[in-house]
Amino acid sequence: MSNMISGAEAMLRALLTEGVDTVFAYPGGSIIKVFDALYDHQNDLKQILVRHEQGAAHAAQGYARVSGRTGVAIVTSGPGATNTITGISDAMLDNTPLVVIAGQVSTDVLGTDAFQEIDLVGVTQPITKWSYQIRRAEDIAWAVARAFYIAGTGRPGPVVLDFSKTAQVAQIDFKPAKIDYERSYIPSPDPIESQINDAVALINSAKKPLVLVGHGVELGNAQDELREFIEKGNLPAARTLLGLAALPSDHPLNMGMLGMHGNLAPNVKTNECDVLIAVGMRFDDRVTGTLNTYAKQAKIIHLDIDKSEFGKNVKPDVTVLGDCRQTLKLITERIVKADHKEWIESFKPLDKEEYDKVIDKAIHPKDGPLKMGEVVTEVSNQSPADSVLVTDVGLNQMFASRYFKYRSPRSIVTSGGLGTMGFCMPAAIGASFGAPERMILAFFGDGGFQMNIQELGTIMENQAPVKMIVMNNTYLGNVRQWQQMMFKSRYSCTHMMNPDYSKIAAAYNIPYRLITDRKELKDAVADMLKAKGPFLLETAVLEEENVMPMIKPGSSVDEMIFEIN
């Protein structure tokens with residue numbers, strides 16, 4: 001029986017075959033045939049019209065990060081496609097499964113500099129797992145199946161499908177495709193017995209072990225395996241920025257956050273431990289500080305699904321290749337129950353030092369303007385246990401990640417590797433569709449809030465229940481802090497004149513409240529959380545507040561400072 005349909009319809013049926021339920025989209029001439037086909041799929045595909053193609057990519061990222069599924073963005077050719085580049089790059093660095101479908105001119109004018117033609121495959125090959133141009137309708141089913149297989153397996157990442165008008169309009173007898181194997185692509189290598197045994201031997205001999213928990217634990221859904229591992233070995237653990245939700249904040253073996261603005265104890269102890277066990281993390285420079293002095297005293301075990309990470313930044317003594325959900329389980333079965341009580345106790349004086357010098361003042365200020373730490377703490381304290389923290393980039397990101405309490409898996413969505421300002425609003429929208437049953441809490445600085453402010457239109461149209469907290473210090477705060485620290489407070493292009501956010505909220509019909517006094521904070525947060533739909537809470541915070549402690553650029557992880565001299 002013939003099933004002749006257009007290539008545009010075939011694309012949508014291929015997406016449905018992959019289980020796609022939501023697409024973030026912006027139409028245009030070279031993709032208009034697909035949008036015409038979308039008109040007939042309003043019941044089986046949620047179609048979220050964003051206000052900018054960058055927003056489509058970030059929204060698809062937010063959807064993917066909270067759901068564990070592959071996010072989908074559909075845009076047109078030329079500027080529509082190039083506007084997604086930031087989101088694609090962000091997804092590549094943060095290992096987010098993403099499929100971007102972009103329109104392309106007809107095959108007969110390819111290479112002629114036709115209107116809105118761009119070599120998208122050439123542009124995106126360095127920042128994707130796979131980038132492919134669909135020129136024939138017969139290739140649609142295969143290309144989509146391969147795209148989702150590559151994007152969502154192994155170390156996840158973005159895939160781009162450059163979809164020519166020729167393939168969109170052609171008629172084909174569509175047959176769905178399924179791909180679960182690609183020659184030379186091994187997404188999840190089988191564990192190697194000798195590597196497991198070598199790791200076990202080192203862990204069993206350790207007197208001062210420390211586990212570094214990365215994003216790979218969440219990507220591999222290995223949160224339970226991680227807890228069983230550290231609990232059996234009584235192993236203290238610290239988390240990277242993207243690994244923060246892999247272990248609950250209140251777990252007794254959770255020693256805090258690693259890195260430039262992480263916690264004092266795990267950073268100092270990195271250079272005191274005798275065995276360092278890195279799980280699904282890439283030894284980013286913001287985690288290691290200067291490599292010249294990083295963990296030189298320790299034997300290093302590195303667990304990762306991607307062998308290209310081994311030795312890229314830090315040379316391991318033992319590598320364990322494979323899915324950490326499998327490798328952690330195998331290691332846990334073989335390690336001995338241990339008691340590292342004295343070692344674990346040694347973290348506490350450092351925790352107290354940080355609390356006394358930084359945390360207490362950040363979350364319990366006695367007077368003066370509101371501080372970011374107390375705003376984040378109040379929101380976290382009142383929010384449901386499975387709430388999702390979404391952040392922009394800058395001081396708001398560091399304060400939010402430090403002071404939010406993580407109680408559920410996949411509860412942080414932030415731009416780690418690329419550090420994309422403007423990420424938060426569209427990512428929060430995507431998260432609200434990826435996890436509609438969870439509270440979505442979006443923290444911004446006044447700078448990042450304005451970078452994709454047009455997505456308030458997407459929130460308005462969909463009544464996306466995003467709780468937006470703008471911590472307004474009238475500065476590009478992170479850069480200002482660096483200017484204060486390294487450039488004698490020469491604040492060049494970091495002070496901001498801001499709009500009246502109450503009028504902006506009113507224009508988008510979004511409930512709004514401004515607080516300038518901490519006496520109002522508790523009630524204002526309660527009002528925001530009770531609101532059924534979106535809400536914009538603006539908090540006027542201390543203008544020249546700095547996030548501390550800090551590892552200065554070029555310093556060792558154990559050389560954290562508490563104030564800027």
Side-chain angles (χ1 to χ4, degrees), residues 1-49 56-57 60 63-64 67 69-77 80-81 84 97-110 117 120-121 124 128-153 158-183 185 187 433:
M1 182 177 175
S2 178
N3 186 27
M4 298 297 289
I5 57 174
S6 71
E9 174 65 22
M11 172 62 73
L12 300 181
R13 293 194 189 182
L15 293 180
L16 290 169
T17 299
E18 296 296 331
V20 174
D21 59 11
T22 305
V23 295
F24 301 92
Y26 203 93
S30 288
I31 197 73
I32 197 166
K33 182 69 174 174
V34 172
F35 279 81
D36 183 61
L38 272 170
Y39 190 86
D40 295 323
H41 286 277
Q42 296 178 53
N43 293 327
D44 51 16
L45 272 176
K46 290 192 190 76
Q47 301 161 31
I48 310 305
L49 171 64
Y63 174 95
S67 69
R69 303 168 69 190
T70 298
V72 178
I74 303 177
V75 299
T76 195
S77 64
T84 66
L98 178 68
V99 171
V100 174
I101 299 160
Q104 183 55 279
V105 299
S106 300
T107 56
D108 59 338
V109 294
L110 280 171
E117 179 193 0
L120 188 62
V121 171
T124 58
T128 55
K129 287 186 75 177
W130 185 50
S131 187
Y132 180 76
Q133 186 174 81
I134 304 174
R135 298 187 177 195
R136 305 185 319 143
E138 290 82 3
D139 296 332
I140 291 169
W142 167 83
V144 171
R146 193 174 195 267
F148 276 81
Y149 177 60
I150 291 173
T153 57
V159 169
V160 166
L161 294 177
D162 193 34
F163 193 19
S164 72
K165 289 172 92 172
T166 304
Q168 293 176 43
V169 301
Q171 293 287 309
I172 56 165
D173 187 359
F174 175 73
K175 293 180 178 59
K178 186 66 180 174
I179 290 179
D180 56 14
Y181 171 77
E182 277 292 325
R183 184 180 175 186
Y185 174 58
F433 285 97

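We number each residue from 1, following the sequence as shown.
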Engineer: Ala147: what forms a side chain to side chain contact (heavy atoms under 4.5 Å, CB included) with it, not counting sequence neighbours?
Structural biologist: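 Checked Ala147 against side chain to side chain contact (heavy atoms under 4.5 Å, CB included); matches are Val99, Trp130, Val159, Leu161.
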
Engineer: Between Phe148 and Val72, does the side chain to side chain contact (heavy atoms under 4.5 Å, CB included) criterion hold? Intermediate values first, please.
Structural biologist: CA-CA 10 Å; Phe148 276 81; Val72 178; 3.7 Å; yes

Engineer: Do Leu120 and Val160 have side-chain heavy atoms sitting under 4.5 Å apart?
Structural biologist: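 Answer yes - side chains close enough.
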
Engineer: Kindly give the heavy-atom pair with the smallest separation between Thr76 and Ala102, and that separation in Å.
Structural biologist: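 Smallest interatomic distance, heavy atoms only, reads O-CB, 4.1 Å.
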
Engineer: Would you please name every residue forming a side-chain hydrogen bond (donor to acceptor under 3.5 Å, both in side chains) with Glu9, sequence neighbours left out?
Structural biologist: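 Once residues adjacent in sequence are excluded, the partners of Glu9 under the side-chain hydrogen bond (donor to acceptor under 3.5 Å, both in side chains) criterion are Arg13, His41.
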
Engineer: Looking only at non-hydrogen atoms, find the nearest pair between Ala64 and Pro97 and report the distance.
Structural biologist: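 It is CB-O, 3.5 Å.
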
Engineer: Could you list the residues that satisfy side-chain hydrogen bond (donor to acceptor under 3.5 Å, both in side chains) with Glu182, not counting sequence neighbours?
Structural biologist: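 Arg146.
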
Engineer: Could you grab the distance from atom CG of Asp44 to atom CG of Leu16, nearest 0.5 Å is fine?
Structural biologist: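 Here the rounded value is 5.0 Å.
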
Engineer: What residues, two or more places apart in sequence or in another chain, satisfy side-chain hydrogen bond (donor to acceptor under 3.5 Å, both in side chains) together with Ser6?
Structural biologist: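 None.
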
Engineer: To the nearest 0.5 Å, tell me how far Ile150 CD1 sits from Ile179 CD1.
Structural biologist: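 Here the interatomic distance stands at 7.5 Å.
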
Engineer: Rounded at 0.5 Å granularity, tell me how far CG in Leu98 sits from NZ in Lys129.
Structural biologist: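 Interatomic distance, Leu98 CG to Lys129 NZ, rounded to 0.5 Å: 12.0 Å.
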
Engineer: Would you check if Ile74 and Met11 make a side-chain contact, meaning some heavy-atom pair closer than 4.5 Å?
Structural biologist: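 Counting from C-beta outward, Ile74 and Met11 never come under 4.5 Å.
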
Engineer: My understanding is that only residues two or more places apart in sequence, or in another chain, count here; which of them pass side chain to side chain contact (heavy atoms under 4.5 Å, CB included) with Arg135?
Structural biologist: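 Counting only residues at least two positions away or on another chain, Arg135 forms a side chain to side chain contact (heavy atoms under 4.5 Å, CB included) with Thr107, Leu110, Gln133.
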
Engineer: Can you check whether Leu15 reaches Ile101 side chain to side chain, under 4.5 Å on heavy atoms?
Structural biologist: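 Answer yes - side chains close enough.
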
Engineer: Sorted by first residue and then second, give each salt bridge (Lys or Arg N to Asp or Glu O under 4.0 Å) pair with at least one member in residues 23-36; sequence neighbours left out.
Structural biologist: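 Those involving residues 23-36 do not exist here.
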
Engineer: Test of understanding: with ring pair (Phe, Tyr, Trp, His ring centres under 6.0 Å), list the residues that count as partners of Tyr149, not counting sequence neighbours.
Structural biologist: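 Tyr149 satisfies ring pair (Phe, Tyr, Trp, His ring centres under 6.0 Å) with Tyr185 only.
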
Engineer: Which heavy atom of Ala73 sits nearest to which heavy atom of Ala56, and what is that distance?
Structural biologist: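 Heavy-atom minimum between the residues: CB-O, 3.9 Å.
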
Engineer: Nearest 0.5 angstrom please: Thr153 OG1 to Tyr181 OH, how far?
Structural biologist: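 One gets 13.0 Å once the value is rounded to the nearest 0.5 Å.
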
Engineer: Between Ala141 and Ala177, what is the shortest heavy-atom contact and its length?
Structural biologist: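 Scanning both residues, the minimum pair turns out to be O-CB, 3.6 Å.
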
Engineer: I'd like to know if the side chain of Ser164 reaches the main chain of Ala167, judged simply by a donor and an acceptor atom lying under 3.5 Å from each other, with no hydrogens or angles considered.
Structural biologist: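 At least one qualifying donor-acceptor pair exists.
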
Engineer: Throw together a table of side-chain donor-acceptor distances under 3.5 angstrom for residues 18-32, partners on residues two or more places apart or in other chains.
Structural biologist:
from, atom 1, to, atom 2, distance (Å)
Asp21, OD1, Tyr63, OH, 2.6
Asp21, OD2, Arg69, NH1, 3.0
Ser30, OG, Ser77, OG, 3.0

Engineer: Closest heavy-atom contact between Gln168 and Gln104?
Structural biologist: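 That would be NE2-N, 4.4 Å.
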
Engineer: Test of understanding: with side-chain hydrogen bond (donor to acceptor under 3.5 Å, both in side chains), list the residues that count as partners of Thr124, not counting sequence neighbours.
Structural biologist: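 Partners of Thr124 under the side-chain hydrogen bond (donor to acceptor under 3.5 Å, both in side chains) test: Ser131.
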
